[in-house]
Amino acid sequence: MLIDRTHRKWFVGSAVALAVATAVYIPYALRAPQGPRGGSALGLTYGIAGFLFMLFAGLLGLRKKFPVWRIGRAQSWMRGHLWFGLLSFPLILFHGGFHFGGTLTRMLMWLFVFVWVSGILGAALQHFMPRFQTAQLPMETIYEQIDRVRGQLAEEAGQLVEETCSALEGEVSRASERQRAMSASAGTQGGLTVASGLQANQQVSTQLRQFLDEEMRPYLERAGAHAMRLGQTTQAQKMFQQFRVLLPPELHSNLDDLENICEEKRQLDKQSRLHKILHGWLLVHIPLSYALLLLGAVHAVVALKF
Amino acid sequence: MLRRTRTTKKLAKRIDLQYFARPHSFRRWRFWLSVAVPVIALTWFIAQRAQGGQKVYSSGQLSHAHAVFTQQCTLCHVVQAGAFTAHVTDQACLTCHDAPIHHANQTFTPECAVCHVEHKGAMLLHATADAACTQCHADLRTHDGQPHYAAAISSFDKTHPEFAGLRSGKADPGTVRLNHYVHLQPNLTGPNNTRVQMTCEDCHRSVSTAASPYEAAEMHPAAATNATPRRPHDQAYLPPPEFAQHCAACHTLQFDKRFGNDQVPHDKPEGVHAFLMKRFGEYIAAHPAAVHEVERRDRQLPGKDSVVRVARNAAEWVKFHVDDAEWLLYAKTCKQCHTLKATSDPHPEVVKSNITARWLSHADFDHHAHRMMSCTSCHTRAPDSRETADVLLPGIPTCQQCHHPQGPAKEAAEGRCFECHQYHDWTKAKPTKGGFTIQQLRGDAKVPAPKE
């Protein structure tokens, strides 16, 4: 989610709310006989407000489960999640008077710290990384389809290699006919030259198939595989350059396609890494948020009792 | 030349259109973690609850005094029958602490927990915040509408008034003539005509410390202290100097050369008179011939006629000599320190010494806690004081040199109100009767619900 000018109202609203909360908190903290407490009227107010904000932020998950519900735009919910979630942390700090308290409340505060920090990190990542990805990964695809696309790439590479080898071998059979004709008319001298050319093409074809089986297919089929030679752009370029020397120019376009397939695979690997970074924080943020809401509810009930 | 092209159509063909219906591993992880983590959190909570009882709900460590009750929340959080809440009420505190209120005419009585906040860590509960006091004392109001004390005290370092004894027009009410300046001079004549240099500790020392070098073992005067220390610390206050302990070795009370160094007791005039009658009676009984001896006074008694009186019998002899001895005592010896008032009786009245044992009647002070300092570093006026009326109590600015409301945070000594003042008037406290068992206090047995 891009945090841009369209967030101005949310930003101003949150800043004003925080300023008001702080302005109320400071004299309260200074005048309270034994310092600010969660159980005081104002402390409870901060606690209730903070918990409601947390609850709203937590409802985003539910809202996403039911996108057809007509309860506000998804974008508004997302912004509310971001800004209310951000605001809830200082409110809860005001609620506890910047103390982490006892066993349960300490656990809650640490959960909240992790949730809040991971949320901020996530928001920052969501702000910067999509643009970075667009610029860096022109061949990106749907993350969940990377495995499938990788298989397609391997298949495509196999077809290209087969096509190239067939072309090379087709040339060999045509040359064989030429050789026989030339041998009959002009003796054996020219036949030797043609025979050595035929042998070379046969070798290149074998090498290309070997390259496909030993280097390219394993690289394309395995996720990641950065350590392999094709995973490194420069090394891959050198390998393809060697084949360019060996192959006739009319088959260079096939090599370009193969090189392009490897480049796409590298980009898919990079996309996969970036995706894990871009979304990995959710594996911390969401489960801890649920735990926080659950224990927060327990704390609310217990606090009212005691 | 590159033959591969990335058209939308080609790209679309690559994608499995039902991919979103099949959960990807990342989503699976997210789902299972979202289930597992709250379950772990709940399990942790249940385990804590099972292990430590209600302790898990505690909003913080209990104070030093109450830490032992950590496992038994219901001691303070009393659950009333039919009620959901278990807030701490004053009644729960008063079960163990009969803490009387501050003043009868205070307009507002805070709840115990307002000042003594629990669950704030291993701290001392009496270490209350200044705000607990200043919520009233910053703008003091009373039931009778007339505050008898300073009405606007908001902090020790800014608005605390000067000690009452040092306010203008105040004088030491003591009647014993004592010249601090003279007593601190070098080469004073001490016991047995030795030369001494007295120090403050020679006269001002706590009851528990070693005996004064100027103590006279044979003297047994009646205790004359009006000190009523609030704290059971026997070194907190310095009791007023006593004649037998601090004066008698130098200020001897000889009364007649016949008795050598024998002294009259440091007692009321009636007691002294009885003593003299007895001693002279015993003497004349042992020396009956002395009745008719004409003896000349070896020195003129001030204000006394110099006529030599001759006794006709032993009783008269005793009377004459007791008369002379008393004249000597009351005209010189006693008068040196005491204020004597003539009465219709034959003996003068010795005005009550009225030595102030405790200058800070509304505050506690502990000399023992200040023992690392020289006396004169606080009592700066003492070495030059020549008059009994001089009040030698150090002023608030002296205290403020070390004490600050923020205490250690300001690299200073504690300066909050509780350091010197007490809210509860413990003189009105009544004894409380404990009813809990050790098992109940330690959480091993249930505390019975209060009776309605």
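This structure is a prediction, so every number in the text was calculated from the model and none was measured. Order of the sequence lines sets the chain letters (A, B, ...), proteins ahead of strands, with each chain counted from 1.
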J.: Counting only non-hydrogen atoms closer than 4.5 Å, does B:H119 touch chain A with its backbone (N, CA, C, O), its side chain (CB onward), both, or neither?
T.: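 Interface part for B:H119: neither.
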J.: Kindly give the heavy-atom pair with the smallest separation between A:H279 and B:F26, and that separation in Å.
T.: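 Looking at all heavy atoms of both residues, the shortest contact is O-CZ, 3.0 Å.
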J.: Please check if atom CD in A:E155 has more than 12 non-hydrogen atoms from other residues, nucleotides or ligands closer than 6.0 Å.
T.: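 No, CD of A:E155 has 12 or fewer neighbouring heavy atoms, counting only those of other groups under 6.0 Å.
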J.: Does the pair A:E264 and B:R14 meet the rule for a salt bridge (charged side-chain N to carboxylate O under 4.0 Å, His left out), with working shown?
T.: CA-CA 14 Å; A:E264 186 169 354; B:R14 284 172 153 192; 2.5 Å; yes
J.: Less than 4.5 Å apart, side chain to side chain, heavy atoms only: is that true for A:F306 and B:V79?
T.: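 Counting from C-beta outward, A:F306 and B:V79 never come under 4.5 Å.
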J.: Please determine whether the number of non-hydrogen atoms from other residues, nucleotides or ligands lying under 6.0 Å from atom CD of B:E111 exceeds 12.
T.: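 Result for CD/B:E111: open.
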J.: If you define the side chain from C-beta out and look only at heavy atoms, does anything of A:T141 sit under 4.5 Å from B:L11?
T.: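 A side-chain contact under 4.5 Å is absent here.
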J.: Do B:T85 and A:K305 have side-chain heavy atoms sitting under 4.5 Å apart?
T.: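 Of all side-chain heavy-atom pairs linking A:K305 with B:T85, none is under 4.5 Å.
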J.: Is the CZ atom of A:R31 crowded by more than 12 outside heavy atoms at less than 6.0 Å?
T.: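 Result for CZ/A:R31: open.
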J.: Are the side chains of B:R4 and A:E156 in touch, meaning some heavy atoms are under 4.5 Å apart?
T.: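 When only atoms from C-beta onward are counted, A:E156 and B:R4 do touch, with a gap below 4.5 Å.
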J.: Can you tell which part of B:W32 gets under 4.5 Å to a heavy atom of chain A, answering side chain, backbone, both or neither?
T.: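 B:W32 has no heavy atom closer than 4.5 Å to chain A.
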J.: Checking B:Q61 against chain A: side chain, backbone, both or neither under 4.5 Å from a heavy atom?
T.: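 When you check distances to chain A, no heavy atom of B:Q61 falls under 4.5 Å.
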J.: For the candidates B:H116, B:K55, B:K120, which exhibits the highest count of non-hydrogen atom pairs separated by less than 4.5 Å from chain A?
T.: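 With the most close heavy-atom pairs to chain A, the winner is B:K120.
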J.: For the residue pair B:L33 and A:I286, establish whether any side-chain heavy-atom pair is separated by less than 4.5 Å.
T.: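 The answer is no, as the side chains (C-beta and beyond) never meet within the 4.5 Å cut-off.
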J.: So which part of B:Y19 gets closer than 4.5 Å to some heavy atom of chain A, the side chain, the backbone, both or neither?
T.: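 Backbone plus side chain of B:Y19, per the 4.5 Å heavy-atom cut-off to chain A.
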J.: Given that the side chain runs from C-beta out, which part of A:R37 has a heavy atom under 4.5 Å from chain B: side chain, backbone, both or neither?
T.: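 Contact with chain B is through the side chain of A:R37 alone.
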J.: Looking at B:I15, B:D130, B:V35, which has the largest count of heavy-atom pairs under 4.5 Å with chain A?
T.: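 Of the candidates given, the most pairs with chain A belong to B:I15.
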J.: Taking side chain as everything from C-beta outward and backbone as N, CA, C, O, which of these in A:I146 sits under 4.5 Å from a heavy atom of chain B? Side chain, backbone, both or neither.
T.: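 Neither part.
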J.: Are any of the side-chain heavy atoms of B:F84 and A:V301 separated by less than 4.5 Å?
T.: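 Yes - at least one pair of side-chain heavy atoms lies under 4.5 Å apart.
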